[in-house]
Amino acid sequence: MLGGALALVMGDVDLVRALGMAGIASAFFGFDDDAARFSRYVRTSLPWIDQWQRQEQLTDALLALARSQPQAPVLFPQTDAAVLLASRHRERLGERMRLMLADRDLIDQLLDKARFETLAARHGLPVPPAQHLPSASRPPELEVPFPLIVKPLTRTPAWTAVAGASKALPVLRREDLEALWPRLAGAGTELLAQQLIAGPESRIESYHVYVDASGSIAGEFTGRKIRTFPRAYGQSTAVEVAWVSDVAELGREVVERLGLRGVAKVDFKRDDRGGLHLLEINPRFNLWHHPGAVAGVNLPAMVYADLTGGERPPAARPHRRVVWCDPLQDLRAIRADRIAPLAWLRWLAGCRAISGLAWGDPLPFLRGKLWAAAWRRASAFAP
């Protein structure tokens with residue numbers, strides 16, 4: 001197809017790939033060196049504009065691109081910053097492009113950890129005990145039992161300065177919190193303390209869904225993490241899509257209680273007894289939509305069809321297990337896990353979805369990911 005309205009992707013190459021699999025061409029907004037800019041599915045790109053600090057300028061740039069198109073583009077926000085921008089400027093953006101978003105106030109509540117705890121309590125959702133940590137010179141007394149994790153209310157660059165790529169930091173004892181507090185307080189970002197659910201990241205399982213404007217589930221799949229980097233609370237480097245009935249059942253219940261519309265990823269962690277604890281809900285597109293599309297459930301393509309008046313792709317339950325991997329990042333993860341490279345290469349050969357790499361679209365990996373990795377390595381040894 002690769003005609004008709006453009007998909008305006010505010011994300012990464014995996015979302016571009018999922019749309020491209022359905023014959024949908026994209027306009028891309030992301031970092032200037034992002035691999036997605038080299039994809040054959042990308043027709044035009046926008047220069048990088050900070051999504052947190054320059055939202056008005058970015059909104060103007062998105063609208064300018066939309067005005068240049070013969071048909072209104074379909075917006076696909078993939079990051080917290082992008083979905084918050086799209087939600088808060090939905091009236092302006094909606095004049096020139098097509099959007100499928102959850103309710104404005106619901107998005108704000110889901111992406112703010114303290115407000116999410118209040119929302120979860122009101123709807124009886126199975127979240128671990130948590131407590132808002134206000135800014136103070138010393139850590140407050142806690143009602144949440146140790147061990148626990150500390151994470152930002154909203155992921156911003158200020159948190160990255162404290163924790164790097166980690167989404168949360170473990171705190172096993174009061175003494176650990178005391179020692180960590182100067183770093184946390186110095187970041188100037190609000191925090192949440194949450195009871196730690198023991199177990200590796202591979203126990204994080206997720207429900208992925210698109211609920212259409214009528215409130216019907218148009219498509220769904222489930223999956224689990226395989227590896228992250230860093231090993232604990234890191235970014236996903238390998239995941240798998242596979243149907244898990246209790247995750248799907250509880251995910252549907254959560255979505256129904258909230259009255260959510262649009263796409264969402266509902267993250268759970270399974271405890272030692274097999275129980276599922278709700279960690280967070282992300283009302284946006286994500287990397288999982290690439291392996292989901294390979295498995296036969298292309299949620300972004302369904303959204304595109306609904307907003308452009310086309311025919312939805314089939315909405316059957318995923319008919320096969322699909323493993324996704326970001327190989328350059330996963331190399332770092334296997335070193336941390338002490339997995340032999342040869343064993344990993346054999347495993348990689350079975351991956352059906354590789355970030356940035358496809359025989360029919362090789363440049364995102366060759367000119368994007370590999371070239372960038374080689375440049376960073378060379379720069380590290382430069383005099």
Side-chain angles (χ1 to χ4, degrees), residues 1-31 34-46 62 65-66 68-79 82-83 86 93 96-101 208-212 218-221 223 239 241 262-265 282-316 318 322 324 326 352-365 368-369:
M1 186 166 62
L2 295 180
L6 288 178
L8 207 172
V9 172
M10 302 179 72
D12 66 17
V13 69
D14 287 294
L15 183 51
V16 168
R17 179 64 45 72
L19 290 159
M21 289 174 60
I24 300 166
S26 292
F28 180 74
F29 170 78
F31 289 114
D34 197 288
R37 293 179 181 271
F38 300 103
S39 173
R40 72 182 184 90
Y41 301 122
V42 171
R43 295 292 177 264
T44 186
S45 297
L46 284 169
L62 295 173
L65 185 145
S68 73
Q69 299 300 309
Q71 299 184 52
V74 180
L75 189 64
F76 288 85
Q78 193 179 345
T79 66
V83 78
L93 293 171
R96 295 288 180 174
M97 59 186 69
R98 294 171 256 213
L99 305 89
M100 174 65 72
L101 298 169
H208 303 259
V209 67
Y210 165 42
V211 183
D212 66 20
E220 60 183 356
F221 63 87
V239 305
V241 170
V263 296
K265 175 169 74 78
N282 291 311
R284 53 176 172 78
F285 297 91
N286 57 74
L287 67 85
W288 288 83
H289 291 150
H290 176 194
V294 175
V297 184
N298 196 329
L299 300 185
M302 293 177 189
V303 172
Y304 181 93
D306 282 0
L307 291 178
T308 58
E311 183 178 351
R312 284 181 190 167
V322 171
W324 169 96
D326 183 340
R352 301 186 184 208
I354 296 179
S355 184
L357 180 60
W359 293 117
D361 189 28
L363 288 184
F365 190 79
K369 290 177 178 284

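Atoms considered below: every heavy atom in the structure, side chains included; atoms not considered: hydrogens, waters and symmetry mates.
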Looking only at heavy atoms, which two atoms of [X] and [Y] are closest? And how far apart?
X: Pro364; Y: Gly356; result: CB-O, 3.5 Å
X: Val42; Y: Ala36; result: CG2-O, 3.2 Å
X: Pro291; Y: Val241; result: CB-CG2, 3.8 Å
X: Met100; Y: Gly262; result: CG-CA, 3.9 Å
X: Ala7; Y: Leu19; result: CB-CD1, 3.6 Å
X: Asn298; Y: Ala18; result: ND2-O, 2.9 Å

Distance check, rounded to the nearest 0.5 Å: [X] atom [atom1] versus [Y] atom [atom2]?
X: His290; Y: Met21; atom1: NE2; atom2: CE; result: 6.0 Å
X: Ser68; Y: Leu6; atom1: OG; atom2: CG; result: 8.5 Å
X: Leu75; Y: Phe285; atom1: CG; atom2: CZ; result: 8.5 Å

Contact between [X] and [Y] at the side-chain level, heavy atoms closer than 4.5 Å - yes or no?
X: Arg98; Y: Gln71; value: yes
X: Phe29; Y: Leu65; value: no
X: Val239; Y: Trp288; value: yes
X: Arg312; Y: Asp212; value: yes
X: Leu101; Y: Pro77; value: yes
X: Asn286; Y: His208; value: yes
X: Trp324; Y: Val294; value: no

For the side chain of Tyr304 and the backbone of Ala5, is there at least one donor-acceptor N/O pair under 3.5 Å apart?
-> yes
With no hydrogens and no angle check, is any side-chain donor or acceptor of Asp361 less than 3.5 Å from a backbone partner on Arg40?
-> yes
Evaluate side chain to side chain contact (heavy atoms under 4.5 Å, CB included) for Val297 paired with Tyr210, printing each intermediate quantity in order.
-> CA-CA 10 Å; Val297 184; Tyr210 165 42; over 6 Å; no
Gln78: which of Val16, Asn282, Asp12, Val83 passes side chain to side chain contact (heavy atoms under 4.5 Å, CB included) | Asp12
Which of these, Met10, Arg37, Arg43, sits in a side chain to side chain contact (heavy atoms under 4.5 Å, CB included) with Phe28?
-> Arg37
